[in-house]
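What you see is a predicted model; the values in this text were computed from it and never measured. By convention in this document, chain letters (A, B, ...) are assigned in the order of the sequence lines, proteins followed by strands, and residues within each chain are numbered from 1.
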Amino acid sequence: MALAKQKQELTETRLADVRLPEGNGWINAARADALARVRQMGLPTRRDEYWKYTDPTTLTAIAAPKAALFENDEGPLFADVDRVKIVFVDGVFDAEASDDLEAAGMTIERLADAAATDIHWVKDIYGVLETRGQDPVHRPLATLNTALAQDGVAIRVTGKAEKPINLIYLHRDETSDAALHNVIKVEAGAEMTLLETGPAASRFSQVLEVEVGEGGTFHHVRAQGRDHERRAVTHCFARIAAEATFKSFTLTFNGVLTRNECILEIIGDEATAHVAGACVGDGGDFHHDDTVFITHDALNCESRQVFKKVLRNGATGVFQGKILVKEGAQKTDGYQISQSLLLDDDSQFLAKPELEIYADDVACSHGSTSGAIDEDALFYLRSRGVPERVARNMLTLSFLAEALAEIEDEALADELRDRLETWLSRRS
Amino acid sequence: MLEIKGLEVKLEEEDKQILKGVDLSVPAGAVHAVMGPNGSGKSTLSYVLSGKDGYEVIGGSATLEGEDLLDLEPEERAALGLFLAFQYPVEIPGVGNMTFLRTAANAQRKARGQEELSAAEFLKIIREKAKSLKIDAEMLKRPVNMGFSGGEKKRNEILQMAMLEPKMCVLDETDSGLDVDAMKLVADGVNALRSEGRSFLVITHYQRLLDHIRPDVVHIMADGKIVKSGGPELALEVENNGYKDILAEVA
């Protein structure tokens, strides 16, 4: 079907001066294929149903809007965690700041290196999971990333990883436009934790493709950067095999536009997939969108979506979450909750929870709420001597608790909780 | 300790007067009970004293050891030594009971210019007090009042009281929803806190709580006023004859 004229113009304008990054291996074909697919799908506009609540204009524009650098006195996250640091500055790998790319239980390479070979395991995942994730809803910004991303990491986990990998995304240039593409393969029975921290760029496009093999475990904890004017569109595509575990948590502070898409496909029996997010936004230019699509295509699997947003001073939160249970995916246990705490009348939360079920023996539930601080709880705390400001922050943190509880590692959760506490107390 | 004079209160949202001139004086170390039929204004009195939103004071005064309570924020009243044991303790998901209590205790200490308790000091004190109220460590770890039975919630109120060591304790229908054993446990907790420097205002429908917490004075409240005051025998009279006779007598 021909694209609508407006969409076609937008797409051609954006792609007019695009030149695919130079590679000399298998990746050339993957990039060319992706570019062709972008042309075919067209870039998103507000008129697309999937972008009804979030305006993609600044994400599809040729140039990245300027984003001031954010500085405060807080140290970097996870500084005390024994981890492998891999640093990208405005999307460019920083070898000096990064640790050696090695850790027991896995091999770590830069995508740029993996792409330069003729044969590589990454080839079977790069752009492949992204392509699978285009049905039934198009995600052309992910495809554009597949075409344009210059770098990223390729991690293959073969055993129990001895320490987490921390991708650190620094933002130093006010007009940077970065695209990174990360590919992870967790082999059968293997285990790893991926940490991602930082704002990355003025405009950041990121795709993460994860293949979790049978009985494998993938933990993902992400804290998107604090820079108020930054924009980010991220896509996580995961394929989850039998008895495997996938758990992803994202904390978002600030940012003028964040769209985090998570597309999970459960293909093996007895697998578990959890995706959670907590966000705190302050001000009319804060816009945060969580878009999730979980496909159950196996027996006896569990999925959980827990998304909580604290919105104040006119901030906007969006949640689009879908559970698709395919025919034969019996005994599916699907849970989805999206909630917002609106701290004033100007903030808004737009939610579109969906269930589509073709199996007859499943337990799926979803709920979505918007509310204010519970006045009874506030009075209860104050009557015990807790000052109003502190009491409000306690209740705000307690609202986020269910999402934070999805983080497996207590120490990581505590650190993020501390950051949230600081963020809240600075604003009250 | 607590002096209430001619207290008149209306609902903020409606033009409805609830308290119509309450006079009440609770000396230091005394236990006073307020009894009365439904809708007489007992719970409103407790809320107004502790500073809940939604009420407008249109006359009279309430002081704690000479300090005007009515102009203060709820947390300031708490720091002065006022404590309200809630009829319906609020469940707060995501806030640990222990964190809550420590935050409260230290906020009060800070407001009074006292040194804050360290985690270790706090833990030692709370464990001791919890033990006497048969509150186990598991309950302390859970979110505030979440999944607590009616009896557990009320015991948790008394634990907070014991921890915060207020001067003036207001108990709002603490007996509601309790079976006999639970009531006895709660009453024992309260009795253990009785001292020369601490006063109690026990609000209740029924006389049975007053079998366990012996009051010095019993007040009968009706239609927003104290209509009769007397000794513990007044509570027995209510138990035997209901409020009808007393109300008829003062009408």
Verify the ring-centre separation between Tyr380(A) and Phe100(B): is it less than 6.0 angstrom?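 Yes, the ring of Phe100(B) comes within the 6.0 Å limit of the ring of Tyr380(A), centre to centre.
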Spell out, as yes or no, whether a donor-acceptor pair under 3.5 Å connects the side chain of Glu73(B) to the backbone of Glu388(A).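 Checked: no pair found.
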Might you point out which heavy atoms bring Val386(A) and Glu75(B) nearest each other, and give the distance in Å?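 For Val386(A) and Glu75(B), the tightest heavy-atom pair comes out as O-CB, 3.7 Å.
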For residues Gly94(B) and Ser398(A), report the shortest heavy-atom separation together with the two atoms involved.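 Closest heavy-atom pair between Gly94(B) and Ser398(A): C-CB, 3.6 Å.
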Is it the case that over 12 heavy atoms from other parts of the model lie below 6.0 angstrom from the [atom1] atom of [X]?
X: Gln114(B); atom1: CD; answer: yes
X: Lys331(A); atom1: NZ; answer: no
X: Glu12(B); atom1: CD; answer: yes
X: Asp80(A); atom1: CG; answer: no
X: Glu354(A); atom1: CD; answer: yes

Under 4.5 Å heavy-atom distance to chain B, tell me which part of Leu381(A) shows up: side chain, backbone, both or neither.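 Both parts, heavy atoms under 4.5 Å.
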Closest-packed option against chain A by number of heavy-atom pairs under 4.5 Å, given Pro89(B), Gly96(B), Ala111(B):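 Top count of heavy-atom pairs under 4.5 Å with chain A: Pro89(B).
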As an exercise: rank Gln160(B), Glu91(B), Met161(B) by heavy-atom pairs under 4.5 Å with chain A and give me the winner.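 Most pairs with chain A among the choices: Gln160(B).
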Pairwise distance OG(Ser383(A)) to CG(Leu49(B)) - rounded to 0.5 angstrom: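 Reported value, rounded in 0.5 Å steps: 12.5 Å.
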How far does CG of Asp376(A) sit from CD1 of Ile92(B), to the nearest 0.5 angstrom?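 Going from the CG atom of Asp376(A) to the CD1 atom of Ile92(B) covers 10.0 Å.
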Residue by residue, scan residues 334-346 of chain A and write down, ordered by number, those that have a heavy-atom distance under 4.5 Å to chain B; if none do, write 'none'.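 At a heavy-atom separation under 4.5 Å, chain B is reached by no residue of residues 334-346 of chain A.
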Pair Glu157(B) + Arg384(A): basic N to acidic O under 4.0 Å: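 Result for this pair is yes, salt bridge flagged.
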In terms of ring plane angle, is the pair Phe379(A) and Phe86(B) parallel, tilted or perpendicular, where the classes change at 30° and 60°?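 It falls in the tilted class, 30° to 60°.
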Residues from residues 121-149 of chain B approaching chain A under 4.5 Å (heavy atoms):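 Residues Val144(B), Asn145(B) are the ones that qualify, each having a heavy atom under 4.5 Å from chain A.
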For Arg382(A) and Asp53(B), what are the C-alpha separation, side-chain angles and deciding distance, and is it a salt bridge (charged side-chain N to carboxylate O under 4.0 Å, His left out)? CA-CA 12 Å; Arg382(A) 294 179 70 192; Asp53(B) 279 346; 5.3 Å; no
Please identify, among Gly385(A), Ala391(A), Ala401(A), the residue contributing the most non-hydrogen atom pairs under 4.5 Å to chain B.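 Maximum pair count with chain B is reached by Gly385(A).
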